[in-house]
Every structure is written in C-alpha cells, then in structure tokens.
Amino acid sequence: MNENPSKLVLEILHLIRANTLSGNESIVLQAITENKGDIDTIFKIGIACTQNNRFSDALLIFTCLQSIAAHDLRIPYNLGLIHALRGDHHSALKSYDLALQIQPDDIETLINKGSSCNDIQNYTLALEVLERAIELNPNISEAWSNKGIALSHLHFYEKALSAYEVAIKLNGSYFEAYSNKGVALASLKRYDEALAHYDKALSLKPDYAQGWSNKGNTLNELKRYDEALAHYDKALSLKPDVDWVYEDRFHLRMKICSWEHFQEDLKTLLDQVQLNQKMTEPFSLLSLTDNPLLQKQSAELYSQKRYPLNPILGPIPKRSKKEKIRVGYFSADFNSHAVSFLTAELFELHDRGQFEILAFSFGSDDKSLIRLRLSQAFDQFIDVSNMSDSMIAKMSRELGVDIAVDLGGHTAGSRAGIFACRAAPIQLAYIGYLGTTGAEFIDYLLADRTIIPDGAEKFYSEKIAYLPSYQVNDRKRVIANRKFTRQELGLPEDGFVFCCFNNNYKILPATFSGWMRILRASKDSVLFLYAESYWAAENLKKEAEARGVSSQRLIFGTRLAPDEYLARYQACDLFLDTAPYNAGATASDALWVGLPVLTLAGQSFASRVAASLLNAVDLPELVTTTQAEYESLAIKLATYPEQLAAIRKKLAEKRLATPLFDSPLFTKNLEAVFVEMYERDLLG
C-alpha cells in the first residue's frame, strides 16, 4: 500500500473499520479519481476486504474501480470472485466474461468461470470452458478436477474418473479431487474403490465435512447403516449447515426405526422448510408430515436449487398435428421395481393405432423377467443410461415425443434435469413420486379426486389431470402356487395376523404406538412386518417392549421372489397401512391377493393413495380419517371375524370387476387424458 495514503483513502479505511463503507460510493469514487496514478492502493484495500469476508465492501470498491479502470483485467476477475463467494454465480459469470473480453486466454478466469458454470449446473458450458483452460495449460489440477465435476453431473462417469486421476497426479494432496472421484466411483457402484478414495481425502483433510458426508452416502448404499450414521454425525459436527446431510441422517434413522431424536429432528426439519432452508429432499418429507403446503415449499425449493430450468436446447418449435401421438416414458426403474410391476401391462395395452410408445431407460439392466417383458412392451426401448440429461432431452425432441411422462419424480435415480431441458412440449409426472414435484417444467400431475379433492389444487405446482382412478395395475402378476403355512413363516396357527410390508421409513412412532394399542386390545394377535435390516428389526422390538407389548408378537418376514411374496399375503388376516405415507404398490399387492387393507387418510397426496385404491376396489368402509377410528376398526375386525369374512368375500367377488384391476379401462382413461393434453397444446 502507498506509504502516504491520501486523506480520502484513510477515510475509506475508517469507514471499513466502522462497518459503514457501503452507501459511501462517492468517497470511494473520489479517492480513486485522486489516485488514478496509484489505484493499486485502493485495489489492495479491496483485496483485503475480500480476504476478510467483507464482501459488500469489496464489491463496492471493485465496482467503483471498474468505472475508472475498465480495461484492467484484475478488476472484473476479482468482481467475479466476490460474486462467486457470495453465491451469486450468474453475476460472477458476467464479470468473468468481461475479464475474458480483455484477455480471452486468461487461465485463472477460465477455471473460475468453469467452476461457476458447475455451480449453476450449466455443465456443458463448464466442460467447454475448462477444456479451453486445459488446452492452454494442462498442468493445473483445479481445471481437471472441475472438469471431472462437470463430467460426473453429465453422467459421463468413466471420463470423470480420468479427469480426477490427472488432477490427483498433478496434486497428490488434492483432497476434494479424491472425494469427488469417490462419488463418481460410487455412481458406478464401485463402492470399495469409492470408500478408499474417501479415506484418502479424509486422511489429507480430517475436517472435510463434505468428505464425511460423501462416505456416509456410500456406506448407506451398502446398508452399513451404523457406520453411515456415524459419518453423517461427523459431517454435521464439522459443518452444521452442510447441504442435505441433516435430512440424509434423519431419513436413515427412519430406515432403521431409530426414534430417539425423532421429535427434535422433525421440529428442526419442518421449521427449516417453513424458513425456505434447503434442509430436506422432498421425498423424505412425504413420510414425515401430511401438510401439503410444507411439501410444496420443500419441493419448490429443491427443484429450484437442484434442477433449475435449463434453456440449453431452446424452445421447441410448434408442431403440426400428427396421425399418432408419441408418448415417452422416462424411468430409472425399468427393472425389478414396484413402478414396473404396476405399469407393465399399461405399456402393452396402449392403442398402437393412436399412439407410439417409447421408453427412455436410465437405470440398470438387472436381467430380470420384468426387464425382458418391458423391453418388448414398447415400440422403442432406448437405454440412455450413458447419456447426459440434455442429450436425452435432445434425443426425445428429435424422435418427436409429444408427451414426456416422468415415472420417477424426486426418487432415487430420477433425472429431473431431462425435463428441465424440456424433452417434449407436454411433460407430466405419474406414479413414482406421490406428491408435487415443485418444478415449473412439469406441466401436469396425474391424480384422482380422492387423492387431490376439490380445493386442494393450490398445494401443487402442476396442473392436475384427473383420472377416474389413479393407480394402474398389472393383471398378469403371478401368485405362486406355494401355500405358506403359518408355522414356516413363524406365525401362530390360530392367532390373528396383522401385517404391513411397507418400507420401514414409513413407520412413524405415532403409527407404531397405534399398532401396539391394537395388539394389546386384540387377544392372541401378532404383527407381521418387513424389516430392511437387522437394526430396524431390533429397534422395533425395543419399541414394542417400551409400549408394553412383547417383542415376540412382532414377526419379521424375509425378502422373497415376487410370486412368493404375493403368496405370503394369504397367510395374513388384515393389512395395517402407514400414515402419512400410505402403502401404494404394497396395498395393491395385498388387494390383488384378496387381503383387506385398512388405511388412515390424511391431507397430502401420499396420505390418500391407499384410500384411492380402496375406493377403486369398492371397499370405502376400510378408509378411516382419524387415528381413533383406525384403531377401533382394526380391533373390531380382529375381534369379530364374521365382519372381516364379509369384507374378504366382497373383495374376492368384486376384485376383478372393479376399476383398480381393470387395466384396459385405466389405459383408455389415461389415453383420453393424453389426447386432451395434446389437443390443448395444439391450440396453444
């Protein structure tokens, strides 16, 4: 700094110390004008402000400098850095572009521009910019690491691994590159290698919160839940606001039915959603609250943050009317998954005289029978798993898809980025995710009036396309001939068997407490459950004992082949649903076999799905609306077998004649909705 600073420079320093520089632009401009021959003094003050996180002061100083010295590369470059540090990457890019106008081949500017492109999820541009930087100087590790990030997000994982490897060779202590390479390896399901890379990153920087979180995610995938929890705890202890980890930890606790911190975690989570903090992925919230407004807030925030509109492909030109409407179904679950078990016959039944049906599959090929069947059910079955979101959207456009159906929503493996690029003129969500996507690029959400009654549309960002009945089913599902004896399942020969094979994370403490009250009031009854893990089973046993019920009255079933899984329902007496996240596929499974389902309907989409299924199978008497009514009816049906027998008889007689299992009728109703959407779009 100049050894004899002017009075105005001293005044700037005084205002900075007093936290009152902002708003005194005239003093800064005057000081710069008086020191035109030595603007380095003002520049150094701006740098010092940046280094001390005085971003508003630094922004004011560099903005004023820019008005005096517009051709000095350092000024727009530093403005870009300040904007990026403030999280305003769009403004950062504008400043970096000004710097590149002054010096197009400035490598540091190119690398930082690529980083900001990654942060706003413009990965294609990031790749272009970073490759230019690498072409100019291939020996900068940061450029290679940032390139790896872009390639990973574009789903080019093998290429990402190569980029990370170069970054690590150039800088053996680059802990972020090790951790990010671990993420890419985990995406390829090379979990052991991923863990080794996380460990290397953490050995280099033990206080790297994101590294602990990334390793926790991979341990979670490996079902090493106790270790995953410990890693999430460590990440949060180092950085309490690390993105999404609080929710990941909470959801994992729900998966293993660890409820010690439930009320505290739930309050924190819901408070943060109300404050528009990015604390939770929308999927987890479905099982925690039936408040549709909170679910909408969470989904909108998540979509804006993770999947903003991507204009990379431009608008879709207006199309003329075609002889056949082209419908594209997009999913990661065209394999042994509940979505496929429900929808397989739909794809086969579509009217080929009116529609062309395409599948865009970005999940794994598990070589299962359902995968083989699905591959033959479409006019075109396209594996796009190695393509980026924009490439898939571009292919969809080139194939002339008129209606794009997202079967995933905010579930594992989903690719909302495809729809953010606009894959088709009409985009809608169905069946995989039971709630609003909160995304402005999803035009319609399919539902029925049980799930979204009149007046509830305001809780959904999409337009609601109503069907007479919501859930499709596959009438070809095979029930094994095997007749399970109660003895081989570990069930009592004569007692009443309640069951619930929903995922463990759907079981809330309040739901479980209700089940225990039902067991205490129902003599010789047991509860037959699915436990995903040892920890879930042990925790549920502990919770039963704490509620005065012997843990021996909880029976846990193992995973079976699909046909035997269905046959096992025949050994049960009544399916008890969860709330607020109802049974969907599992409720249909039970009803298909002839087992009655008792549900508690709430206010949200996910909390009304089972009610929709029961109405569609003509069993509205099994839909309750209060916890007391739910428990009372369960006890009554267990106590008076003739009433349950009458319901089972009604289900057996009417099952195949009801809308729930009338797949051809559902297909016609859905096609009528497609035609109306298509006609509306043609009319603008």
Side-chain angles (χ1 to χ4, degrees), residues 286 290 292 338 341-343 345-346 430-436 445-457 459-460 464-475 477 500 502 506 569 574-634 636-637 643-644 646-670 672-673:
L286 299 183
D290 73 341
F341 292 141
L342 291 172
T343 56
E345 192 177 9
L346 165 67
Y430 179 58
I431 213 163
Y433 179 74
L434 304 182
T436 181
L445 179 65
L446 294 177
D448 62 29
R449 294 192 183 276
T450 298
I451 292 172
I452 304 180
D454 291 341
E457 299 91 345
F459 300 120
Y460 300 86
I464 309 303
Y466 283 104
L467 295 163
S469 175
Y470 170 73
Q471 187 166 286
V472 66
N473 275 281
D474 175 17
R475 300 168 304 168
R477 293 201 66 186
C500 181
N502 289 357
K506 293 185 179 183
Y569 277 109
L574 181 66
F575 186 110
L576 294 178
D577 195 13
T578 48
Y581 198 156
N582 289 172
T586 46
S588 277
D589 295 340
L591 294 168
W592 177 242
V593 173
L595 179 67
V597 174
L598 175 63
T599 193
L600 171 59
Q603 300 303 311
S604 64
F605 192 119
S607 69
R608 300 179 66 83
V609 165
S612 166
L613 303 182
L614 288 165
N615 285 335
V617 79
D618 196 24
L619 288 176
E621 60 266 38
L622 292 175
V623 179
T624 64
T625 56
T626 68
Q627 182 68 29
E629 183 186 1
Y630 173 87
E631 292 177 28
S632 176
L633 185 51
K636 185 177 182 181
L637 293 173
Q643 293 193 18
L644 182 60
I647 291 173
R648 295 190 75 131
K649 183 173 183 291
K650 178 182 176 182
L651 177 58
E653 291 174 350
K654 289 192 169 186
R655 180 174 57 103
L656 295 178
T658 60
L660 183 61
F661 296 112
D662 191 339
S663 305
L665 176 62
F666 177 90
T667 305
K668 288 180 181 178
N669 289 332
L670 179 62
V673 167

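Below, all heavy atoms of this structure are taken into account, side chains as well, without hydrogens, waters or symmetry copies.
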Ignoring hydrogens and angles, tell me if any N or O in the side chain of [X] forms a donor-acceptor pair with the backbone of [Y] under 3.5 Å.
X      : Y      : answer
Tyr460 : Pro292 : no
Thr343 : Leu346 : no
Arg475 : Asp662 : no
Glu629 : Thr624 : no
Asn669 : Leu467 : no

Task: Non-hydrogen side-chain atoms of Tyr581 and Leu434 separated by less than 4.5 Å - done: yes

Ring pair (Phe, Tyr, Trp, His ring centres under 6.0 Å) involving [X] - partner list, sequence neighbours excluded:
X      : result
Phe459 : none
Tyr630 : none
Tyr433 : His410

Open item on the list: Taking salt bridge (Lys or Arg N to Asp or Glu O under 4.0 Å) as the definition, give me every residue that meets it alongside Lys636, ordered by chain and number, with sequence neighbours left out.
Closed with: none

Task: Value rounded to 0.5 Å, distance of CG in Leu591 from CG in Leu614 - done: 5.5 Å

Open item on the list: Measuring from atom OG1 of Thr658 to atom NZ of Lys650, what distance do you get when rounded to the nearest 0.5 angstrom?
Closed with: 10.5 Å

What side-chain donor-acceptor pairs closer than 3.5 Å can you find for residues 594-606, not counting sequence neighbours?
residue: Thr599; atom: OG1; partner: Asp577; partner atom: OD2; Å: 2.6
residue: Ser604; atom: OG; partner: Ser607; partner atom: N; Å: 3.4
residue: Ser604; atom: OG; partner: Ser607; partner atom: OG; Å: 3.0

Task: Salt-bridge criterion met for Asp589 and Arg477 (N-O under 4.0 Å) - done: yes

Open item on the list: Just by distance, no angles: are the side chains of Asn502 and Thr586 close enough, under 3.5 Å, to form a donor-acceptor pair?
Closed with: yes

- [ ] Check Asp448, Asn582, Thr450 against Ser612 for a side-chain hydrogen bond (donor to acceptor under 3.5 Å, both in side chains) and give me the one that passes.
- [x] Asp448

TODO: Examine Tyr430 together with Tyr470 and report whether their ring centres are nearer than 6.0 Å.
DONE: yes

TODO: Could you list all the salt bridge (charged side-chain N to carboxylate O under 4.0 Å, His left out) pairs where at least one residue sits in residues 590-600, not counting sequence neighbours?
DONE: none

